[in-house]
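This report refers to the structure that appears directly beneath it.
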Amino acid sequence: MSIRLHRCLPLLCGLLAGLTAGPAVAQSWSPEVDLGWVHNDNVTNSIRQQKDDSAATISASVQQVRVLSRDWQGSLKLGADTKLWREYSGLNLSHFSAQAGLRRKFGLGPYATKLDLSFEAFHQLADVSEWSGNGYRAAAALQKRFTPQWFGRLTADLKRLDAGRAVYSGTVATLAAAVDYDLTPQWRVSAEIRYGEGDQLSWCRESFPEFIGKGPQWTDGIFGGDWFPYESDGNHRGGHFRVVRALGDRSALSLGYDFNESRAPKNHTYRNHIVSLNFTHAF
Amino acid sequence: MPFNPLKLAALLLATAGWLGAGGVTVTATDQKNEAVPELVVWLDPLGAPVPPADPAELAATVEQFNEEFDPYTIAVRLGTKVEFPNRDDVQHHVYSLSSPARFEIPLHGGDETEAVVMDQTGHVPVGCNIHDWMISHIIVVDTPWFGTTDESGRLALTDLPAGPYKLTAWHPRLRKTDEREINLVAGETLAVPVELRLRPDRRIRRAPTAGGSRY
């Protein structure tokens with residue numbers, strides 16, 4: 001599955017033009033920063049000889065929301081993020097993104113259902129130059145607040161990356177269902193389950209039984225030795241559980257656990273257990 | 001000059017109040033013995049007419065500032081014109097779906113002020129359709145004696161005619177209003193301690209949600 005970015009540019013440009021030319025009054029830009037730490041027990045996405053690593057994450061964004069009518073809002077978001085791994089610096093990735101969003105609210109008040117549509121174009125920079133490239137992400141989210149404490153959402157997400165080398169390129173479609181529950185005004189717990197299909201990027205060794213006799217592979221040197229990247233088409237199942245502590249109205253601290261299980265043909269299954277700690281501040 | 005019975009009644013009541021004025025000081029605490037600010041308190045006279053309102057005093061303001069309503073709770077008299085000035089540089093869409101006042105003030109931007117006349121008594125919760133966490137509670141009462149407690153949980157009402165009153169206290173975290181009868185004596189200030197059992201604060205949270213891994 002491949003949808004080239006340039007085919008989506010007219011849509012993105014149309015959304016941006018609509019947002020900037022609308023009759024709404026000028027809105028201020030809202031900056032937000034997120035600093036985090038993440039640990040992944042299987043950064044090779046491998047079924048054996050898994051390697052783990054930790055990374056520092058930094059992201060910053062500015063968003064402008066334009067109220068188009070009682071029921072419609074448009075948004076424009078510019079962002080940058082980077083992930084710096086402690087041991088395997090070849091995994092370091094940075095993104096520069098522009099996202100246009102459209103929100104339809106079905107009624108008045110906090111309990112009205114919301115439908116969010118967004119399209120994001122991004123450029124990815126990687127330490128391994130062949131991993132750099134352009135991509136896009138299209139998403140739809142249906143959100144509903146049931147009580148002041150309970151909030152639910154269903155999301156559908158399609159992400160595509162066209163990298164310098166085909167093995168890093170790929171498309172993944174994901175469906176997810178999530179709920180938030182506010183235990184108190186300060187404490188929130190969030191849970192999500194998801195299912196995805198698409199391309200999986202993994203690393204393995206030429207000495208693995210599956211690859212013996214297939215000849216030398218292109219290696220990227222991220223994990224050293226004879227480790228090489230390969231891609232397969234499969235499905236992903238996973239979820240996360242997160243505890244979030246509000247620090248005032250504009251900051252929050254989050255501790256999360258993500259689980260991911262990816263199945264490729266021939267029952268090649270790998271798992272990731274990811275723990276993350278994040279601090280977010282909205283200015 | 002034509003005879004105006006309303007002005008005459010107001011004059012008589014004002015004179016009566018001046019001759020025999022009393023006061024009340026409310027001190028509100030919760031089940032943890034902590035002060036309860038933003039408690040709306042009003043006094044309805046029992047067996048006596050309510051003095052007519054001075055039209056010049058029938059005005060109140062609920063600001064939108066820093067993407068919050070200010071004040072969080074407010075009492076106004078029946079017939080009050082409540083203005084909703086937007087002090088932010090973002091748009092707000094103020095609304096209420098309540099029975100006493102159902103209204104919408106759509107999409108007003110910075111430095112724009114719209115107003116609504118509160119012509120029925122009761123509780124008027126006000127929200128913003130853009131920022132779901134924004135909420136203010138307007139209590140519309142048919143009496144001139146009302147107010148909200150300060151940070152120390154205190155409210156002083158003065159210059160009330162002596163006599164019996166029903167004292168009512170309302171807060172968003174109360175299951176039902178707290179009501180009691182009091183008797184004011186001319187020249188004295190009655191101290192009324194109000195002990196309340198408040199429910200947990202269940203406002204919609206505003207803080208951002210941190211976290212999320214892109215890996």
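Numbers restart at 1 for each chain; the letters A, B, ... are given by sequence-line order, proteins then strands.
With respect to chain B, the highest number of heavy-atom pairs below 4.5 Å among A:Ala282, A:Ser190, A:Gly107, A:Ser251 belongs to A:Ser251. Heavy-atom pairs under 4.5 Å with chain B peak, among A:Ser30, A:Ser69, A:Ala112, A:Gly256, at A:Ser69. Of the listed residues (A:Gln186, A:Arg103, A:Arg145, A:His240), the greatest number of heavy-atom pairs within a distance under 4.5 Å of chain B belongs to A:Arg145. Counting heavy-atom pairs under 4.5 Å between each of A:Gly248, A:Pro148, A:Gly109 and chain B puts A:Gly109 at the top.
Using a 4.5 Å cut-off between heavy atoms, A:Trp187 contacts chain B through its backbone alone, with no side-chain atom that close. When heavy atoms are compared at a cutoff of 4.5 Å, A:Leu183 approaches chain B solely by way of its backbone atoms N, CA, C and O. When heavy atoms are compared at a cutoff of 4.5 Å, B:Leu97 approaches chain A solely by way of its side chain, counted from C-beta outward. Of the atoms belonging to A:Thr184, it is backbone heavy atoms, and not side-chain ones, that fall under 4.5 Å from chain B.
In summary, the aromatic rings of A:Trp131 and A:Trp203 are positioned with their centroids under 6.0 Å apart.
Relative ring orientation between A:Phe259 and A:His273 is described as tilted, the plane-to-plane angle lying within the 30° to 60° band.
In summary, A:Arg153 and A:Asp180 engage in a salt bridge, as defined by a charged side-chain N under 4.0 Å from a carboxylate O.
Side-chain atoms of B:Trp133 come within 3.5 Å of backbone atoms of B:Glu67 as a donor-acceptor pair (strictly under, hydrogens ignored).
Under the salt bridge (Lys or Arg N to Asp or Glu O under 4.0 Å) test applied with A:Asp71, the options A:Lys114, A:Arg104, A:Lys105 reduce to a single match, A:Arg104.
In this structure, A:Arg188 is not positioned above the aromatic face of A:Phe151 in the sense of NZ or CZ being under 6.0 Å from the six-membered ring centre and within 45° of the axis.
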